[in-house]
Structures are given as C-alpha cells and as structure tokens.
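Here's the structure, in structure tokens; my notes come after.
Quick note on labels: first sequence line is chain A, next is B, and so on, each numbered from 1.
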2 protein chains.
Amino acid sequence: MDLQTVILGFLNDEPLTGYELSKRMDASVGFYWHATHPQIYTTLKSLAKEGLVDFAMEYQSGAPNKKIYTITGAGREILLRNLQNETLKDEIKIPLLVTMFFGSELGLQHWQELFSSYLNVQKTVLNQYQSMCKSPPKIDPKKDLKEFLRYKTLDFGIGYQKFLIRWLENMLKEIGE
Amino acid sequence: MDLQTVILGFLNDEPLTGYELSKRMDASVGFYWHATHPQIYTTLKSLAKEGLVDFAMEYQSGAPNKKIYTITGAGREILLRNLQNETLKDEIKIPLLVTMFFGSELGLQHWQELFSSYLNVQKTVLNQYQSMCKSPPKIDPKKDLKEFLRYKTLDFGIGYQKFLIRWLENMLKEIGE
DNA sequence: AATACATATATAACTTATTACATATATTTC
DNA sequence: GAAATATATGTAATAAGTTATATATGTATT
C-alpha cells in the first residue's frame, strides 16, 4: 500500500483537487493512513506524469485556480492491481509505548499526567468517530459491499479507541490518580 | 519520537552492537516501532558523529569484528530530554483498512480469503506475545516502575491483538465463511 | 560436499515523508 | 479596521526509510 494507491482510490470515486483530497483523507482514511499536503501535491504530479491521472484547470477570477484531477483507465487498472496484490504489512508507530519502554526515569507523576492527557485525546477521537455514525446501520455485505466495508473501517476505529481507552483507564487505576 | 531516541534508549540499558540492537528491536519495541538494519547502522553512525554514542572495536580472529556501542553523557541527556518532550502523535498505517475502503470491487470471496488469512497472521502474533509472558506478573509500579512499564507495553500488544482477532472473527461471521 | 541459516557489518540507489517557505483570496470574528 | 481562519496551490531543503547489493564466517542440516 502506498500513497499513490490511496489517491487513485479516492479519484476512482470522484474527481477531486489536491486540497479536497487532503481534506477527504483527514476525515476518513487519514486515521489509518496519513499524508501531508506537500506529499499529496507531489504524488499527484508524478501520477499525472505516469498517465494514471489527468487534470483540468478551473480558472477562477478572484479566488485561486483549481486543478481538478480525474483517474484515467490506466490508473484504474493500476489501482485494482495494487489492491489485489496488497501484502497487508502493518506499520504501527505508537510513541507512547516506546516512551514507556525507555522512560521509567521520568517518574510516576510524569506518567500519571501523560496517561491522563493521552486518555483525554483518545476520548475526543472516539467522540469524533462516533459522531460520524450515530446509529450503526444494518448493511448487507451481499447487497452493498462498498458501504459495508467502509462502515467497517469506521467500526474498527471505534473498537480500537474503546480498547485504548479501557487500557488507559486501567493503567491510571493501577498507578493511582 | 525517532529512531535516534529508540537506539539511545536501548544503549542506556547496556552496550550493544548494531546487530544486537536490530535483534533487540525485532523482539520488543519492534512491534510498535520498526527499523531495518541499514537504518540502524546509519543512525548509529550519525549518533557517533554527534557524540551521543561511542564505540569500541572488538577484534575477532576468524569471526567478523564487532563495534560495541555505548551511550555517552551527552547521549543520556538528549535521551531524557526527548522522552520528556515527546508529543505522542501516533502514526498508524493499516493497509487492510485502506484496502477495505477502496477495494469493494475485489468481491466477497476475495474478502473472505483476505480476512481469514489476516486472522491467522494475527493469531500467530498473539501467541508470540503470550509466550513472552506466560503468567501476568504482579508488579508494583511504585517499587519497580521500569519493569511495570515494560510489562505494560507487552500487555498493550496482547490486548490489541485480542481486539483485532475479535473484530476479524466477527467480520468473517458477517460476510459468511 | 552442498545448502541453509544465523552472525556481523556496511554502502548505494532509490523512494517517501516532513518542515519550512511562499503566495493569494474570502470569510468570519473581535 | 485588524486578526484569524479557511480555501487553494505549490516548491525547496532536509530527513527518514526501503531494497538491493556486498562481504565474510560459523554452525547445523541434508
């Protein structure tokens, strides 16, 4: 999995500008695959060079011009091939755990503060996820696989946050505070 | 959090060669912060240049020579500073979720196979984690914060794997197979 | 004797990602 | 009226990470 494939995936749904792509990512896939805007703009440029996407200029008087990107036939082929051959090797970097592994010298009080501020952040994230989907819909995977799979990525996020929050609360109980 | 800090963290415990460092990482921190060996060797080189680590050659007749790295006083200072100022921004890349978001065209059967092979991998990982710690020890964080925090990183891994496995089993139930 | 695997180190070429810089307008808030 | 924020696009410099290649030995297996 790489950013090229992620961008092709979004453009396979609808034409988008770099800016919109960036916002879309932040609001969905971004939680388990993040990219900054310079990365997105440079990747779009190289995708265009490879003929996997195309773009149309939308000239705006007053406001800055837009480049609206669309996926090409070749792009769709590459997208499907990449999704099929995906090796599913996770890359998970959780600095809290690394800090825990090496940071016992920071002392108990530091850890109480760190865990409880991290807990607050994670509760906010959970609320964000839950507000994206108030009532869990009953989607039949046989009827609408796309909606089903997309809902399930959110369901994963909610489940993960709940696990994290439980784990942190238990941690705080054990170290006091 | 960066690789420099991770390496300094290990060397703060004991002197190690690049190779040993690589093995240590694979067996512990590697699960939530992975690095390849070329990365480790180049980072050690730059740490030495900055005076944060030092090394002694161990000449071996027959076997290849070793470079045994130790942390310096400056290195210990930087380590503690980095751990204190850690911003705890997670970077999580889970290609399965990205593939789910864009890969509905792959069809139900593909998904059944993918989820069940991913499930097997995750069960193996859980077994690995559990074999590292057969009986959950009762560690008093007030008495041995280091051992407590290190155990808790493993506890996190076990909890995460259990969540993942439950989620995957539920998924397979919902899509059949 | 040959193969495979573990130990041990390292560079080169390449790809990816981050941070800082740079510009420009519209709308909202104080 | 000023300041902040959102929209909108990009480049440059740097840092980080991957894959392939290179060398060399010990031990265990077949």
Side-chain angles (χ1 to χ4, degrees), chain A residues 1-8 15-27 29-30 32-50 52-53 55-69 78 82 85 87 89-93 95 98, chain B residues 1-8 15-27 29-30 32-50 52-53 55-69 78 82 85 87 89-93 95 98:
Chain A
M1 184 60 59
D2 55 15
L3 186 56
Q4 284 213 357
T5 308
V6 177
I7 290 178
L8 289 174
L16 293 167
T17 68
Y19 187 77
E20 289 166 333
L21 214 34
S22 186
K23 294 288 136 180
R24 285 276 192 303
M25 279 193 71
D26 285 349
V29 174
Y32 40 84
W33 197 287
H34 179 257
T36 56
H37 84 264
Q39 238 182 304
I40 290 169
Y41 284 111
T42 51
T43 305
L44 277 169
K45 205 176 173 180
S46 76
L47 282 169
K49 206 173 164 189
E50 292 172 59
L52 306 182
V53 303
F55 63 90
M57 290 296 292
E58 190 179 299
Y59 296 98
Q60 306 199 125
S61 56
N65 295 328
K66 287 180 178 181
K67 273 187 187 174
I68 300 166
Y69 286 88
I78 295 288
N82 288 356
N85 301 337
T87 50
K89 267 189 77 185
D90 299 344
E91 284 168 65
I92 292 176
K93 291 197 173 175
V98 185
Chain B
M1 184 61 59
D2 54 15
L3 185 56
Q4 284 213 358
T5 309
V6 177
I7 290 178
L8 289 174
L16 292 167
T17 67
Y19 187 78
E20 288 166 334
L21 214 35
S22 185
K23 294 287 137 184
R24 285 277 191 305
M25 280 193 71
D26 286 350
V29 173
Y32 42 83
W33 198 288
H34 179 259
T36 56
H37 83 264
Q39 239 183 304
I40 291 169
Y41 284 112
T42 52
T43 304
L44 278 170
K45 207 175 172 179
S46 75
L47 282 169
K49 206 175 163 187
E50 292 172 58
L52 306 182
V53 302
F55 64 89
M57 291 295 292
E58 189 180 301
Y59 297 97
Q60 308 200 122
S61 56
N65 295 328
K66 286 180 179 182
K67 272 188 188 172
I68 299 166
Y69 286 87
I78 294 288
N82 288 356
N85 300 337
T87 52
K89 267 189 76 185
D90 299 345
E91 285 167 64
I92 292 176
K93 290 194 174 178
V98 184

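- In the set D/dG17, C/dA17, C/dA10, D/dG17 carries the atom at the smallest distance from any side-chain atom of A/Lys93.
- If you measure from atom CD of B/Gln4 to atom C1' of D/dG17, you get 14 Å, rounded to the nearest angstrom.
- As rounded to whole Å, 13 Å separates atom C1' of C/dT9 from atom NZ of B/Lys23.
- The side chain of B/Tyr19 contributes an N or O atom lying less than 4.0 Å from OP1 or OP2 of C/dT7.
- Per the geometry, CG belonging to A/Leu3 stands 16 Å off P belonging to D/dT18, to the nearest Å.
- Taking the nucleotide of DNA chain C with the nearest heavy atom to each of A/Thr36 and B/Ile68, the more 5' of the two is matched to B/Ile68.
- Residue B/Pro38 has its side chain nearest to D/dA20 when only C/dA20, D/dA20, D/dA8 are considered.
- Rounded to whole Å, the distance from CD on A/Glu91 to C1' on D/dG17 is 9 Å.
- Applying the 6.0 Å contact sphere to NZ of A/Lys45 captures no more than 12 heavy atoms from other residues, nucleotides or ligands.
- The phosphate of D/dG10 has neither OP1 nor OP2 within less than 4.0 Å of any side-chain N or O from A/Thr42.
- For C/dA17, the OP1/OP2 oxygens have a side-chain nitrogen or oxygen of A/Gln39 closer than 4.0 Å.
- B/Thr17 comes within contact range of the sugar-phosphate backbone alone, with a heavy-atom separation under 4.0 Å but no base atom that close.
- One atom, NE2 of A/His34, and another, P of C/dT16, lie 17 Å apart when rounded to the nearest Å.
- Judged purely by atom type and a 3.5 angstrom limit, A/Thr5 has no side-chain atom pairing as donor or acceptor with the backbone of A/Met1.
- Side-chain N/O atoms of A/Lys45 include one lying less than 4.0 angstrom from OP1 or OP2 on D/dT11.
- The phosphate of D/dG10 has neither OP1 nor OP2 within less than 4.0 Å of any side-chain N or O from A/Tyr41.
- When the C1' atoms of four end pairs are superposed on the next four at each end of the helix from C/dA1-D/dT30 to C/dC30-D/dG1, using five pairs per end, the two resulting axes differ in direction by 40°, to 10°.
- Atom CG in B/Asp2 sits about 13 Å away from atom C1' in C/dT18, given to the nearest Å.
- Here the P atom of nucleotide C/dT18 and the CE atom of B/Met1 are 16 Å apart, to the nearest Å.
- Side-chain atoms of B/His37 and base atoms of C/dA10 include a donor and an acceptor less than 3.5 Å apart.
- What you find for A/Ala48 and A/Val53 is that their closest heavy atoms are N-CG2, 3.5 Å.
- B/Lys67 has a side-chain polar atom (N or O) that falls below the 4.0 Å cut-off from OP1 or OP2 of C/dA10.
- If you measure from atom CZ of A/Phe55 to atom P of D/dA8, you get 18 Å, rounded to the nearest angstrom.
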